[in-house]
Each structure stands twice: as structure tokens, then as C-alpha cells.
Amino acid sequence: MNANSSNIEDLAKPKKAIELVDNFSCLTDAYNFPNGLEELSPGGAYSWSIEEWSGVFNNFFSFCRLQENI
Amino acid sequence: MKHILCSLFFFISIFSYSQNFKNGVVIYELSFRAESFKKTDSIKNRELKQIIDNQKNKTYALYFEKNESVFFEEKNLEVGNSSKIDLTSIFADKGTYYFNRNNKELLIQKDLLGETFLVTKTDNYTWILTKDILKIGNYICNKAITYKTIKNRKGEFLKRKIIAWYTTSVPINFGIKDYYGLPGLIIRLEEPMISYQLKRISLNSTESLNIKKPVKGRKITNEELEKLLENSMRKY
């Protein structure tokens with residue numbers, strides 16, 4: 001997956017840049033979370049569908065943002 | 001020839017018998033199979049394990065009447081559930097599944113990427129009926145196996161084994177999600193990370209279940225939806 005190309009373009013926009021820095025820790029954790037879980041799952045690494053991986057990613061990201069805002 | 005005639009007779013009998021059930025409501029309990037995950041001792045993985053072990057069971061319902069069925073999650077009113085990491089719902093492939101056995105139409109209504117979609121699926125599963133028998137509750141069940149093809153993040157196609165335990169004592173061929181076409185009701189369905197088990201069943205209600213085909217949402221094929229998800233992931 002291309003981790004940064006669109007993010008680098010976004011850094012040129014100040015508002016977007018602040019948003020990205022704000023979200024950076026959650027983004028990193030959210031990226032690592034489904035990967036770690038997938039490795040432990042019955043099929044191992046790269047055994048999930050795109051929908052499953054992105055579902056876990058989005059769920060973790062929302063959860064992380066919510067925790068940070070509390 | 002004799003075998004073909006016997007099989008034909010068997011399916012005609014099942015079909016005619018299933019006509020006796022004019023409608024039904026089948027409730028399943030969905031659980032996350034924490035035991036299927038690898039055991040680990042590292043601190044990082046211990047945290048993941050805690051999340052896996054804390055997954056809550058969900059309730060799903062299958063309604064069928066005449067030639068139509070719907071399968072969906074029965075919402076509970078638990079406060080604060082949405083703030084948790086809900087792996088069970090993600091692997092359950094959350095959505096409302098509508099099936100019409102007359103024209104084999106299968107529609108899946110689901111919310112993804114902030115939009116409602118109506119996913120059309122044309123292919124169905126080929127079941128391998130085995131001789132394995134298991135008693136689940138009061139039902140004598142037969143084992144059937146099928147394989148679900150999934151596309152991973154690398155674009156590779158993988159086969160996932162799905163096991164269904166069905167009973168011919170309730171000969172209806174509607175099923176859980178898009179797993180239909182067995183000669184009896186599915187009592188337990190095992191996917192690698194989740195499993196559904198029958199909780200209760202009620203047949204032949206005098207009131208109509210009034211099954212409605214979902215209409216809200218952008219019509220899209222399964223393949224088109226995968227492309228959309230792939231593109232949305234590229235942002236990261």
C-alpha cells in the first residue's frame with residue numbers, strides 16, 4: 001500500500017497538515033492494528049479480504065480518535 | 001441413471017415438504033471464534049488478545065416467507081457499544097441479505113465509506129455434502145462444506161473453508177447470509193473467525209412477515225465494491 005503520496009500533497013495545505021499531524025498517532029496505530037491481528041488470525045498474514053482489513057482499520061481509527069478526544 | 005433418479009426424487013420430496021412451511025423466523029447467535037487465533041506471549045500481542053477475547057456475541061435473524069428471505073442483525077439497545085472495537089460485526093460482513101429463490105436474486109444492503117450500497121451477487125456456493133453427523137441441541141445435523149473466494153490486499157485470491165451443519169428435519173433451503181441452497185436449515189455455520197448457532201425457531205406464523213426487498217442504496221456489483229474499497233485504502 002502506498003503509505004504517503006497523498007499525505008505529502010496534503011501537507012502543502014495548512015489545515016490538512018494540522019489534521020494529519022493530529023491524526024498521525026491514530027493513523028499509525030490503526031495501520032498496525034489490523035496487520036497484527038491478521039497475523040494471529042487462522043489464515044495468517046494477508047488472509048483477510050480488503051473489506052475486512054479496511055473495516056478493522058476504520059473501526060480502530062474511530063475508536064482511537066474518540067479516546068484521544070476524551 | 002438410478003442414482004440420478006434417486007437424487008431427483010430426494011430433492012423433489014424436500015422441495016414439496018418445504019412448501020409446508022409458509023413462513024418462519026430463525027434466530028441465530030453470532031460469536032467471535034477467539035480460540036481460532038494463534039496463542040502468543042508478547043506484550044503487544046497480549047493487548048490484541050484481550051481485544052479478541054472481549055468480543056460480544058450478536059443476534060441475527062432469518063425471516064422467510066414463500067420464495068423470499070431476509071437475514072439481518074437484530075439491533076440491541078446497549079449504550080456505548082459503538083465506541084468499542086467491534087470485530088464480530090466486521091467479520092460478520094454486516095448488512096441485510098435479501099434472497100428470492102424464484103429468480104435467484106441476491107441483494108446485500110450495506111453501509112460502507114459513509115454510503116449505503118445495494119450489492120448484487122450472481123454466483124452462489126457449491127456445497128459438498130458429507131456423511132459426517134453431529135447432534136446440535138435437538139437436531140441431528142449433516143455437515144456440508146463450501147469455499148468462499150476472497151481477494152486480499154495484495155490482489156491475490158484465496159479460498160476460505162466454510163462449514164455448515166444443517167438438518168433435513170427442517171427442509172428449507174434459505175440460509176445465513178448468502179449461504180443458501182442446502183437441503184435443510186443451517187443449525188450452525190462455521191467461518192474461520194466467526195460462527196453462527198441456532199438460538200430459536202418459530203414456523204408457520206398466522207401473521208404475514210411482510211418481507212420487503214431492500215431498495216435504498218447505490219446499486220453496485222461485488223467486484224465494483226472491492227475496487228472502491230481498494231481505492232479508498234490507497235489514501236493511507
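Reminder, nothing fancy here: chain letters follow the sequence lines and each chain counts from 1.
- For chain A, the nearby part of B:Leu158 is the side chain; its heavy atoms alone come within less than 4.5 Å.
- Heavy-atom contacts from other residues, nucleotides or ligands closer than 6.0 Å to CD of B:Glu74 number more than 12.
- Here CD1 of B:Ile90 is found 11.0 Å from CE of B:Met193. Values are rounded to the nearest 0.5 Å.
- Counting heavy-atom pairs closer than 4.5 Å to chain A, the top residue among B:Arg33, B:Lys154, B:Lys94 is B:Lys154.
- Proximity of a side-chain donor or acceptor of B:Glu224 to a complementary backbone N or O of B:Thr221 within less than 3.5 Å is detected.
- Residues of residues 110-121 of chain B lying within less than 4.5 angstrom of chain A, judged on heavy atoms, are B:Lys110, B:Leu112 in numerical order.
- Checked against ring-ring contact (aromatic ring centres under 6.0 Å, His included), B:Tyr98 has no partners two or more places apart in sequence or in another chain.
- Remark: the backbone N or O of A:Ser47 is paired with a side-chain donor or acceptor of B:Arg160 at under 3.5 angstrom.
- The main-chain N or O of B:Gly217 is never found under 3.5 Å from a side-chain atom of B:Gln109 such that the two would form a donor-acceptor pair.
- Of the possible donor and acceptor atoms, one in the side chain of B:Thr130 sits under 3.5 Å from a partner among the backbone N and O of B:Lys143.
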